[in-house]
Amino acid sequence: MQLKMKPNSVIIANLGLNKSGKVHKWFTDTCALHMDKYTPYRHGDLAKSVVVNGVVNKENVTEDTIIYRGDYACYVYYGMRQDGTHVIKNWTKDVHKDAGPYWDQRMWSAEKYKVIREVQNHFDKRGNK
């Protein structure tokens, strides 16, 4: 008996698991939505560059990248100012109570199973269409 299979790259693409596939895009959007409450928020400019009222900003969220706009985004992400002083003491937790540096890692640590379940449920219900 001979078994013919398509190459892995074709199978992965057909399932939407490749870099520009539907599953990957949905995963990135889901991560952006979950990261929102971990993103520092004073006036909202940084957080709103990615998620506005629960909707992903497609200018800054692509199939595999989430970009937080602002000259200060890098410093806030690492929790430091340009002069090396900590930013954390200036953050407010009024809007985003879980906010802090390395918000992608904080979100993934706290919510990875929820994100995975949401993505899995979405594609179990809708398929790759």
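Residue Thr30 holds its OG1 atom at 9.0 Å from CE of Met107, rounded to the nearest 0.5 Å. With rounding to the nearest 0.5 Å, the separation of CZ in Arg117 from CG in Asp124 is 12.5 Å. Note: Asn121 CG to Ile116 CD1 = 12.0 Å, rounded to the nearest 0.5 Å. Expressed to the nearest 0.5 Å, how far SG of Cys31 lies from CG of Asp36 amounts to 13.0 Å. Annotation: the span from Ile66 atom CD1 to Asn57 atom CG amounts to 11.5 Å, rounded to 0.5 Å. To the nearest 0.5 angstrom, Asp98 atom CG is 6.0 Å from Lys37 atom NZ.
Using a 4.5 Å cut-off between side-chain heavy atoms of Ile, Leu, Val, Met, Phe, Trp and Tyr, with links allowed through other members, Ile67 and Leu33 fall into different hydrophobic clusters. Clustering ILVMFWY residues whenever any of their side-chain heavy atoms sit less than 4.5 angstrom apart, transitively, puts Leu17 in the very cluster that holds Met5.
Here the closest non-hydrogen pair linking Val56 and Ala32 is CG2-CB, 4.4 Å. Closest non-hydrogen pair, Met35 versus Thr39, comes out as O-OG1, 3.0 Å.
Under the 3.5 Å distance criterion, the side-chain polar atoms of Thr28 are matched with a main-chain donor or acceptor of His24. Remark: side-chain polar atoms of Ser49 are paired, donor with acceptor, to backbone N or O of Leu46 under 3.5 angstrom.
Considering only heavy atoms from C-beta on, Tyr77 comes within 4.5 Å of Asp104 through its side chain.
The residue from Tyr78, Tyr41, Tyr68 that alone fulfils the ring-ring contact (aromatic ring centres under 6.0 Å, His included) condition with Trp103 is Tyr68. Between His34 and the options Lys114, Lys112, Glu118, a side chain to side chain donor-acceptor pair (under 3.5 Å) holds for only Glu118. Put simply, the residue from Glu111, His96, Arg106 that forms a side chain to side chain donor-acceptor pair (under 3.5 Å) with Tyr38 is Glu111.
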Val61 and Val50: CA distance, side-chain angles, deciding distance, side-chain contact (heavy atoms from CB on, under 4.5 Å) verdict: CA-CA 7 Å; Val61 179; Val50 171; 3.7 Å; yes
Start with the C-alpha distance between Trp108 and Val115, add both sets of side-chain angles, then the distance that settles side-chain contact (heavy atoms from CB on, under 4.5 Å), and finish with yes or no. CA-CA 8 Å; Trp108 190 249; Val115 170; 4.0 Å; yes
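The neighbour count for Tyr72 OH, taken as heavy atoms of other residues, nucleotides or ligands under 6.0 Å away, is above 12. Crowding of Lys58 atom NZ: a count of heavy atoms from other residues, nucleotides or ligands under 6.0 Å exceeding 12.
Between His122 and Trp26, the angle of the ring planes stays under 30°, which puts this pair in the parallel group of the 30/60° scheme.
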